[in-house]
Amino acid sequence: MKLTGKVAIVTGAASGMGKSIALLFASEGAKVVVSDLNVENASKVVEEIQANGGTALAVAANVAKEEDVQNLVDSTVAEYGTLDILVNNAGIMDNFVPAGDLTDELWDRVFAVNTTGPMRTIRKSLPIFLEKEGGVIVNIASAGGLNGSRAGAAYTAAKHAVVGLTKNVGFQYAVKNIRCNAIAPGAVATNIATSINAPNEFGMGRAMVGMGINPRTGTPEEIAKVALFLASDDSSFVNGTVVTADAGWTAY
Ligand code: NAD
């Protein structure tokens, strides 16, 4: 087992990649805090982990709310005494809205969840990592964090910001035995399409131009395996970088 005794928070863990990461980490011996907006579904993930003999706790948290982030980390420490691994997975799409059609509301909402959320969970976790002189952060960025038109302008800019945050934190805290890496998944079969409710015709059309060269859609379990690598000591020399997991889509 690769995470025996480790305490891990996974945000957005009620569905998709977050759920797969929570299940895999628990099966590798971690005590997992399954956090999500949707606490009912998060509780179902906890039940599944417990049924498999693992240890987990559900905590309701909207990562866009500072008080929820505070409560998430405080509840983790209250229950398990510490924190070793933070996985910033919660994220939403932006209806493929191009810059010309962007509203401030959409921009702010996408940044609040996809970028400010990870910044706040990192900010809240760092004092714990600094005190124990160790910690690992895994951010779920996106192929849209490295490339220009996998989504709309807000999602693309927000995920590029996550990549920048990952590199900054990874470098600055490297001397404190804290690692911070990101995963840039390509298209993965999850429930994220439910956050696309009114796709922008022009923006989606421009984003879809590249879909023809996508070798295939991935599974959440394939992303979870990359997250396990980055969260475990197997990746002890990997820091401040982005691992692309997209079957080669963005290599073209
Ligand atoms: P998903 O919709 O299946 O799961 C996302 C989970 O996040 C849901 O349970 C949802 O309730 C939760 N969530 C949404 N907003 C939240 C908030 N404000 N606070 C807390 N939880 C919140 O989607 P997924 O595809 O598994 O997405 C996980 C991550 O992967 C996201 O950051 C997404 O941007 C990224 N990603 C997805 C794809 C893809 O093709 N699915 C590709 C690249 C990157």
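Note that the coordinates shown come from a computational prediction; the quantities given were computed from them, not determined experimentally.
Although no hydrogens or angles enter the test, the distance criterion places a donor-acceptor pair under 3.5 Å between the side chain of Glu222 and the main chain of Thr219. Between the side chain of Glu28 and the backbone N or O of Lys2 there is at least one donor-acceptor pair closer than 3.5 Å.
Screening Thr250, Thr156, Val242 against Leu146 for a side chain to side chain contact (heavy atoms under 4.5 Å, CB included) leaves a single residue, Val242.
In summary, the side chains of Thr241 and Asn181 do not present any donor paired with an acceptor at a separation below 3.5 Å, with no hydrogens or angles considered. Under 3.5 Å, the side chains of Asp36 and Asn41 contain no donor-acceptor pair of N or O atoms. Side-chain atoms of Asn62 and Asp68 include no donor-acceptor pair closer than 3.5 Å. Checking Ser142 against Arg150 by side-chain atom types alone, no donor-acceptor pair falls below 3.5 Å. Side-chain atoms of Thr166 and Asn139 include a donor-acceptor pair closer than 3.5 Å. Of the N and O atoms on the side chains of Asn200 and Asp101, at least one donor lies less than 3.5 Å from an acceptor on the other residue.
Scanning both residues, Trp249 and Asn214, for their nearest heavy atoms gives CD1-CA, 3.3 Å. Closest non-hydrogen pair, Ala42 versus Ala14, comes out as N-CB, 3.6 Å.
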- Decide side-chain hydrogen bond (donor to acceptor under 3.5 Å, both in side chains) for Asn191 and Ser15; before the verdict, give the C-alpha distance in whole Å, the side-chain angles of both, and the deciding distance to 0.1 Å. CA-CA 7 Å; Asn191 293 314; Ser15 169; 2.9 Å; yes
- [ ] Walk me through it: do Phe129 and Asn177 pass the test side-chain contact (heavy atoms from CB on, under 4.5 Å)?
- [x] CA-CA 9 Å; Phe129 293 165; Asn177 196 33; over 6 Å; no
